[in-house]
Every structure is written in structure tokens, then in C-alpha cells.
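Data block below; observations after.
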2 protein chains.
Amino acid sequence: MAKPKVKRAPGPRDEALSRDRIVAAAIELLDSVGDDGLTFRALAAHLATGAGAIYWHVASKHDLLAAASDAVVARVLAAIASHATPRRAIRNIAVGVFEAVDAHPWLGPQLARGPWQTATLQIFERIGRQVQALGAPDRAQFTAASALVSYILGVSDQNAANGRMLAPAVDRATLLASEAARWNALDPDAFPFLRKVAPQLRKHDDRDELLAGVDLILAGIAAAR
Amino acid sequence: MAKPKVKRAPGPRDEALSRDRIVAAAIELLDSVGDDGLTFRALAAHLATGAGAIYWHVASKHDLLAAASDAVVARVLAAIASHATPRRAIRNIAVGVFEAVDAHPWLGPQLARGPWQTATLQIFERIGRQVQALGAPDRAQFTAASALVSYILGVSDQNAANGRMLAPAVDRATLLASEAARWNALDPDAFPFLRKVAPQLRKHDDRDELLAGVDLILAGIAAAR
DNA sequence: ACCTGAACACCGTTCAAGT
DNA sequence: ACCTGAACACCGTTCAAGT
């Protein structure tokens with residue numbers, strides 16, 4: 001007897017395995033258990049399947065991480081309003097990426113894997129369009145967009161590194177205070193500058209610093225015109 | 001009978017194990033075999049000792065990588081002439097870090113591990129001093145130095161990611177050409193900007209772009225004064 | 001104090017075998 | 001076509017035992 005064509009609608013628990021389901025589960029795992037909590041065994045358990053099954057849909061762990069990054073970045077960029085002045089749009093994208101990396105600390109190293117992967121490309125494109133809208137001369141647009149992207153990814157990753165390494169219990173203020181104290185305790189001959197700005201480290205706001213840096217670059221772009 | 005106080009001078013092959021020797025060997029291994037070529041077993045073989053012995057001098061692989069980064073960064077910064085105008089000094093530091101990360105691709109992710117490790121601190125200090133010499137107002141110095149450091153680390157890591165992923169046989173020109181072709185083949189509706197600047201991607205010089213970005217930030221700092 | 005090397009508890013990935 | 005699960009070839013780290 002032929003199998004009936006009509007299958008019952010699959011519930012969320014027994015849906016067929018698919019690349020999308022695997023990527024979604026990977027993101028969940030990455031977010032909850034952290035960078036090296038993502039294991040093919042754990043992932044398989046989460047998906048109620050065998051570890052080897054995943055390889056039918058995904059080439060490697062590298063591939064899986066890239067796909068997870070793409071998905072998160074696409075989602076974040078889609079949520080950013082684009083009807084704003086170029087300057088505001090650039091600031092919005094910066095904050096969006098920054099917050100995404102902050103919320104998904106595993107994303108930082110991933111975006112640092114270079115401008116050849118889709119995730120970084122998406123960011124580059126979005127920033128680039130706004131640089132164009134800014135009225136920068138044609139030959140300066142690539143440079144300006146590159147600088148902005150490198151800067152944004154750089155700050156985001158630096159910032160997320162804190163959360164990646166730190167005990168989740170420690171809050172930001174305590175962390176900054178203890179770190180400022182460490183800067184103050186540095187050898188005065190070797191680290192005069194860090195000692196001097198230690199109070200500013202303690203009081204600074206990450207988002208404000210990010211935007212200040214973006215503004216610095218934007219001012220530079222404007223000055224070059 | 002008491003052991004004689006005078007030991008024969010140890011040769012390079014049978015010197016006692018030490019943190020410094022371990023770190024030096026790790027750097028060698030990292031440079032020659034790449035990021036995941038560094039293994040406690042390989043390292044032990046290289047040092048003609050047991051894998052467990054290394055743990056007497058080094059707390060963990062994390063610790064070892066941090067120490068390797070410190071060593072490389074310290075060496076690089078020491079080689080940079082500091083008697084120059086602040087602007088030139090900043091450019092020199094940027095190029096120095098960029099080239100170090102390029103030569104030691106494993107260093108990029110390491111420096112991205114956040115501003116709490118010595119390696120990043122060293123760079124921050126050196127940049128900061130020059131920002132100070134630039135005459136930036138006190139309360140802007142932390143922000144300006146942060147922005148420069150984040151940018152420099154960001155570009156360096158992005159750039160090194162190419163070499164990390166690529167077959168070593170492929171040269172830069174071929175890589176850029178094929179990547180520019182990929183940008184050109186992107187969906188025109190989704191990626192108009194990248195398609196437009198694809199020719200600039202093909203022709204660009206990494207070092208020039210780095211310095212152009214630094215200049216953008218410096219111009220921003222100057223404009224804010 | 002320092003080193004050895006086996007052992008532990010994992011990994012990512014492959015692959016014969018199933019349906 | 002897709003999934004299973006054992007097996008392979010590794011890891012970082014620990015630790016009793018040696019010197």
C-alpha cells in the first residue's frame with residue numbers, strides 16, 4: 001500500500017531536521033551556554049537526533065557558526081530604521097551591531113573572521129550606502145566605509161570580550177571600578193597615561209564611547225571634503 | 001657528597017624548562033603551524049619534555065596564549081621609534097601593530113580578547129601618550145585613545161583574517177581580484193554599494209587604507225578641538 | 001622543586017548501516 | 001534522501017609517581 005500523501009502537520013518537536021532549525025538551535029545554545037557550549041553532541045541532543053545527522057545539512061562547525069552569524073546580523077540590520085539622516089543611520093547601525101555583539105558575545109570573534117563572509121558584508125553594505133548618502137566623494141567612499149566598519153567591529157568585539165571572560169555575577173560598575181584600580185596600580189613609569197585616565201575608565205559609558213568614536217570618524221570624513 | 005655548585009652551562013637543547021622557553025616555543029609553533037597547531041603535546045615534543053611538565057610553568061592554554069601575545073607586542077612596540085611628531089608616532093604604532101598581526105595571524109583574536117590583558121594595555125598606553133602629546137583636551141583623551149586602539153585592532157584583525165583562512169599559495173592580487181569579482185556578482189538590489197566599490201576593493205592597498213582610517217580619526221580629533 | 005606519562009573526559013568528523 | 005550511532009583521531013588538563 002502506498003503511503004498517504006498527506007502527512008500530519010509536524011509539531012515543533014518532530015519537524016524534519018533542516019538547516020534553519022539547526023542554525024536556530026545553535027544560536028540558542030551559543031547564547032545560553034557560550035562559545036564552547038556549542039557541541040555537535042549537545043546540538044544533536046537539543047534537536048533529538050544523532051550527532052552525525054547534522055552533517056547532512058551543515059558542512060562543518062565553521063559553516064554552522066558562519067550561518068548563525070549571518071542569521072543574527074540579518075535580523076539586527078532588518079530591525080534598524082533606514083529613514084533617517086545618514087549620520088543618524090550610521091549611528092543606529094553602529095549601536096545595533098554593538099548591541100548584537102554584546103547580546104551574543106560569540107558573534108564578535110565571528111565577525112572578526114574577515115570581510116569575506118556574508119555577515120560582515122551585510123554590515124559593510126549598510127554602512128556604505130549611508131556613507132554614499134553623506135555625500136563623500138566617490139573615491140573616498142570605500143575608505144570611509146571600511147574605516148567605519150573596522151572601527152565598529154573593533155569596539156564591539158573589545159567590549160564583548162569583557163562579558164565573555166567575566167563571571168556573569170559581576171556587574172559593570174564593579175568591573176570598571178576594579179579595573180580602574182588595576183590601572184592605578186600600574187607602574188607609573190611604564191604606564192603614565194593609563195594611570196591618568198583611570199578615572200575616566202571608571203566613569204565611561206560604553207555606548208557613549210562607541211558613538212563618540214563614530215562621530216570622530218564622521219568628523220574626519222566631513223573635514224576631508 | 002654534596003652536589004657541586006657549578007653546573008655546566010646548559011646548551012640550548014637541554015636548558016631547564018622555563019616560562020620564557022615555553023612561550024618562545026609556543027610562538028614558533030603558532031607562527032609555523034597556525035592557531036590550532038599549538039598543542040600541549042606538540043609543544044612538549046618541541047621542548048623534549050612531557051605534556052604535563054608545561055603546566056608547572058603555565059596555568060593553561062589561555063595563559064600561554066596571553067603570554068605569547070604580550071611577548072610579541074612588547075617586542076614590536078619596543079622597536080618603534082618614539083621621537084617623531086605625535087601624528088607620525090601614532091601612524092607608526094598603527095603600522096607596527098598591523099604588521100605584527102599580519103605576521104602572526106593568531107595575534108588578532110588574542111588582542112580582541114579585550115583591554116584587560118597586558119598586550120592590549122601596552123598598545124593603549126603608547127597610543128594614549130601620543131594623543132596627549134597631540135594636545136587633545138584632558139577629558140577627550142580617553143575617548144580619542146580608545147577609538148584609535150579599537151580601530152587599529154579592528155582593521156588589523158580583519159586584515160589578518162584573510163591570511164588565516166586562505167591557502168598560503170594564493171597571493172594577494174589573485175585574492176583581491178576574485179573577491180572583487182564576487183562583490184560584482186552580488187544581487188544588485190541587495191548590494192548596490194559593494195558592487196559600486198568593487199573596483200576600489202581590487203586596487204586598494206591595506207597599509208594605505210589603515211593609515212587613511214587613522215588620519216580620519218586624527219582629523220576628527222583635530223576638528224573637535 | 002620540577003618533571004613524567006598514563007588516564008580522564010571530552011572534542012569534530014566520518015562512515016557503515018539502516019529507513 | 002535522510003538519519004543513526006559507533007568509531008577514529010584527536011584535544012586540554014590532572015595527577016600519582018618519580019627524581
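A, B, ... follow the sequence lines: proteins, then strands. Residue 1 opens every chain.
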### Query
Would you write out the dot-bracket form of DNA chain C, 5' to 3', with Watson-Crick and G-U pairs under 3.5 Å, [ ] for crossing pairs, | for pairs to other strands and . for unpaired bases?
||.|||||...|||||.||

### Query
Taking CD1 from B/Ile54 and P from D/dC15, how many angstroms apart are they, rounded to a whole number?
18 Å

### Message
Can you measure B/Leu47 atom CG to C/dC2 atom P for me and round it to whole angstrom units?
### Response
16 Å

### Task
Any pair with a residue in residues 19-39 of chain A that passes ring pair (Phe, Tyr, Trp, His ring centres under 6.0 Å), sequence neighbours left out, goes on the list, sorted by first then second residue, please.
none

### Message
Looking at A/Arg21, is its backbone amide N or carbonyl O close enough to the side chain of A/Ser18 to form a donor-acceptor pair, meaning the two atoms are under 3.5 Å apart?
### Response
yes

### Message
Enumerate the side chain to side chain donor-acceptor pair (under 3.5 Å) contacts for residues 186-198 of chain A, please, sequence neighbours excluded, ordered by first and then second residue.
### Response
A/Lys196-B/Gln141

### Task
Could you state the atom-to-atom distance from CG of A/Leu17 to P of C/dT19 in whole Å?
19 Å

### Message
Can you list, in residue-number order, the parts of residues 55-63 of chain A that come under 4.0 Å of DNA chain D, counting heavy atoms only?
### Response
A/Trp56, A/His57

### Close side-chain approach of B/Asn162 and B/Arg172, heavy atoms under 4.5 Å
no

### Message
Contact list please: residues 25-40 of chain A against DNA chain D, heavy atoms, distance less than 4.0 Å, in numerical order.
### Response
none

### Query
Just how far is it from atom OG of B/Ser60 to atom CD1 of B/Ile54, taken to the nearest 0.5 Å?
12.0 Å

#### Entry: side chain to side chain contact (heavy atoms under 4.5 Å, CB included) evaluation trace for B/Glu179 with B/Leu201
CA-CA 8 Å; B/Glu179 196 52 27; B/Leu201 169 70; 4.1 Å; yes

### Message
Looking at B/Asp102 and B/Arg207, is any side-chain nitrogen of the basic one under 4.0 Å from a carboxylate oxygen of the acidic one?
### Response
no

### Message
I want to verify a distance call: between C/dC3, C/dC8, D/dA7, whose nearest atom is closest to the A/Arg41 side chain?
### Response
D/dA7

### Message
To the nearest 0.5 Å, what is the distance between OG on B/Ser69 and CD1 on B/Ile27?
### Response
8.0 Å

### Query
Which pairs pass ring pair (Phe, Tyr, Trp, His ring centres under 6.0 Å) with one or both residues in residues 179-210 of chain B, sequence neighbours excluded?
A/Phe124-B/Trp183, A/Phe142-B/His204

### N-O pairing of A/Asp208 and A/Lys203 below 4.0 Å
no

